[in-house]
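Remarks on the structure that follows.
Whatever order the structure lists them in is the order used to number ligands and atoms, beginning at 1.
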Amino acid sequence: MAYLPMPRLCTTSFISLFITTLLTSTLSLPEELFSLEIGTKIRSDKQSLMSVASDFGNLTKSTPAAVFYPSSSHDIAGLIHFSNIQSNPFFISPRGHGHSINGQASCPDGVVIHMESVGQGRADRINVSVANRYMDVGGEQLWIDVLNAAHAHGLGANSWTDYLHLTVGGTLSVGGISGQTFQHGPQISNVLELDVITGTGQQVTCSKTHNQDLFNAVLGGLGQFGIITRARIPLSPTPEKVKWIRLIYTNVVAFTRDQERLISVDENERLFGFLKYLEGSLLMEQGLIGNWRSSSFFPNNDMERMAQLMTKHRLTALYYLEVVVAYDEDIAAEVDQELELLLNDLSFVPGFVFTREVTYVEFLDRVHDGELKLRKTGQWQVPHPWLNLFVPKSRILDFDAGVLKGILGSDKSKGPILIYPMNKKKWNSEMSAIIPDEEVFYTIGILRSATNGNLEKMLEQNKKILEFCTMEGIPFKQYMPHYTTKEGWMEHFGPKWDKFLELKMKYDPKGILSPAQKIYAFLLEDEYII
Ligand code: FAD
């Protein structure tokens with residue numbers, strides 16, 4: 001078949017074995033498993049199965065055959081090895097904190113690994129080396145615990161996610177982005193070393209210089225090549241206090257121009273050292289559901305002024321640029337000077353500058369506060385038809401006109417909408433994560449909650465957004481991609497598809513890991529069979 005994107009190093013029989021494995025691996029678990037020590041850590045009671053049936057997206061439901069509660073990496077390796085030696089291997093999927101949107105950590109008919117149980121009651125899963133400025137953390141650890149452990153020594157990671165109640169392995173499998181990405185790259189660009197259990201059950205240590213292909217494959221690899229059980233994260237000194245500033249815009253051209261100016265600040269400029277974060281968002285309403293990512297930033301009377309501004313300009317939303325700078329006492333005067341120069345240079349609406357001083361930890365953990373409020377009202381558990389895209393800078397105004405002002409129109413208010421740029425040079429093109437091929441590109445996060453029976457409409461709008469981008473020739477990429485067709489995945493990976501497949505066959509030749517990403521299910525289709 002000419003269409004097959006044949007990995008250069010593969011033989012025909014290897015592909016056939018791979019396909020046969022995929023075809024047969026939906027059988028239930030072998031009895032023998034339950035006679036082993038690891039078998040005592042497997043549960044298939046209703047409560048265990050239901051606890052992993054859904055995820056944050058709450059759009060899909062799928063129960064596995066069983067849930068595995070390992071106490072160590074060794075247990076995980078044992079389970080994968082056991083699956084490998086079966087004539088009909090079973091699927092295995094690590095589940096971090098279950099914060100995917102489309103069931104990516106589920107495992108129909110296979111075993112879900114409850115990763116967090118590896119770290120339960122084990123203080124040795126987070127180790128800070130102050131002398132070496134790095135920390136070793138278990139893949140199952142939450143970033144909030146990483147923050148607290150490092151901050152106790154005045155240190156922190158360079159690159160975070162906005163929300164820290166996600167596992168290290170979970171975010172390193174997708175990329176890990178936030179307002180530090182423009183400056184330091186995504187989280188996957190900020191890892192020194194990993195311990196990985198591959199799809200054959202081997203425990204491998206890898207880094208930029210050692211088993212480099214596995215290191216690059218796993219980072220942003222959507223759980224396809226191995227399970228991350230340890231990551232070594234570089235640390236830098238962190239401020240105690242920060243100044244958190246929001247600037248309001250009515251005009252998208254000024255808003256994007258200013259963001260692009262800020263992300264191009266040279267590493268030698270004084271400002272670069274103070275800058276700790278930059279993101280842009282749409283501002284629609286003060287209500288919790290639209291604003292939970294930092295629910296208490298704007299007091300009510302400020303919101304009234306902004307409502308008047310929207311009315312005056314006949315807008316359904318404003319834009320705001322959010323900047324955070326280090327603000328410890330010894331540098332405060334210097335930072336104020338730099339900020340004054342900076343603000344003079346930017347084109348936000350005069351008088352619409354809002355500032356707060358908070359601790360750095362408070363700032364980094366700001367989203368959790370909104371989570372707690374939403375949980376209280378039962379709104380955290382609603383369906384989340386989120387859509388995350390990377391859009392090249394050259395087409396951001398088209399996207400704004402066609403999607404934000406067009407397709408979403410006045411429907412924007414059911415969740416935060418993020419729009420902020422990052423620099424391609426801070427990403428490593430050898431890693432599995434896929435980004436647009438342009439020096440600067442925007443992250444768009446349409447993070448809506450379906451509260452009043454509006455799920456179908458939101459899903460339909462998401463579909464229209466993707467169709468619009470395709471029809472208009474906007475070379476976007478999905479972040480945390482979700483495709484249901486082979487063409488979709490091949491288009492997503494583009495020239496990297498062959499390499500991805502080659503590495504899959506090297507590190508997970510039986511196609512056991514994270515099947516719900518549905519990347520390899522398409523190998524079963526006719527045109528792939530030689
Ligand atoms: P899961 O959902 O449990 O798993 C995700 C995938 O990774 C699955 O395929 C799973 O099999 C695989 N996986 C899990 N653990 C491992 C491991 N140890 N080794 C290998 N593969 C593994 N993302 C950002 O980049 N920036 C943000 O600011 C951000 N904010 C978010 C806020 C909220 C409220 C939510 C719900 C999500 C947010 N995300 C953000 C997305 C998040 O990073 C991803 O969904 C991430 O994969 C979730 O991590 P998790 O631990 O819940 O992983």
[atom]: which protein heavy atom is closest, and how many Å away?
{"atom": "atom 7 (O) of ligand 1", "value": "Ser173 CB, 3.7 Å"}
{"atom": "atom 53 (O) of ligand 1", "value": "Gly170 CA, 3.6 Å"}
{"atom": "atom 28 (O) of ligand 1", "value": "Asp162 N, 2.7 Å"}
{"atom": "atom 40 (C) of ligand 1", "value": "Leu166 CD1, 3.9 Å"}
{"atom": "atom 25 (O) of ligand 1", "value": "Tyr479 OH, 2.6 Å"}

Short N-O contact, [X] and [Y], less than 4.0 angstrom:
{"X": "Glu193", "Y": "Arg230", "result": "yes"}
{"X": "Glu371", "Y": "Arg375", "result": "yes"}
{"X": "Arg125", "Y": "Asp145", "result": "no"}

Under 4.0 Å from ligand 1, counting heavy atoms only, is it the side chain of [X], its backbone, both or neither?
{"X": "Ser514", "result": "side chain"}
{"X": "Phe225", "result": "neither"}
{"X": "Gln517", "result": "side chain"}
{"X": "Met115", "result": "side chain"}
{"X": "Met480", "result": "side chain"}
{"X": "Pro94", "result": "both"}
{"X": "Trp380", "result": "side chain"}
{"X": "Val174", "result": "side chain"}

More than 12 heavy atoms of other groups within 6.0 Å of Gln478 CD: yes
Ligand-residue contact atoms, ligand 1 with [X], heavy atoms, under 4.0 Å:
{"X": "Gly226", "result": "20 (C)"}
{"X": "Gly176", "result": "25 (O)"}
{"X": "Thr171", "result": "43 (O)"}

For the residue pair [X] and [Y], is the inter-centroid distance of their aromatic rings smaller than 6.0 Å?
{"X": "His165", "Y": "His368", "result": "yes"}
{"X": "Tyr442", "Y": "Phe476", "result": "no"}
{"X": "Trp244", "Y": "Phe354", "result": "no"}

Polar contact flag, side-chain donor to acceptor under 3.5 angstrom, Gln259-Tyr420: no
Flag for Ser100-Asp55: side-chain donor and acceptor within less than 3.5 Å: no
contact_flag Ser93 ligand 1 heavy-atom lt 4.0 Å: yes
Parallel, tilted or perpendicular: rings of Trp497 and Tyr520 (30°, 60°): parallel
Parallel, tilted or perpendicular, as decided by the 30° and 60° cut-offs, for the rings of Tyr483 and Trp489: perpendicular
Option set Leu447, Leu142, Leu513, Ile177, criterion heavy-atom distance to atom 26 (N) of ligand 1, minimum: Ile177
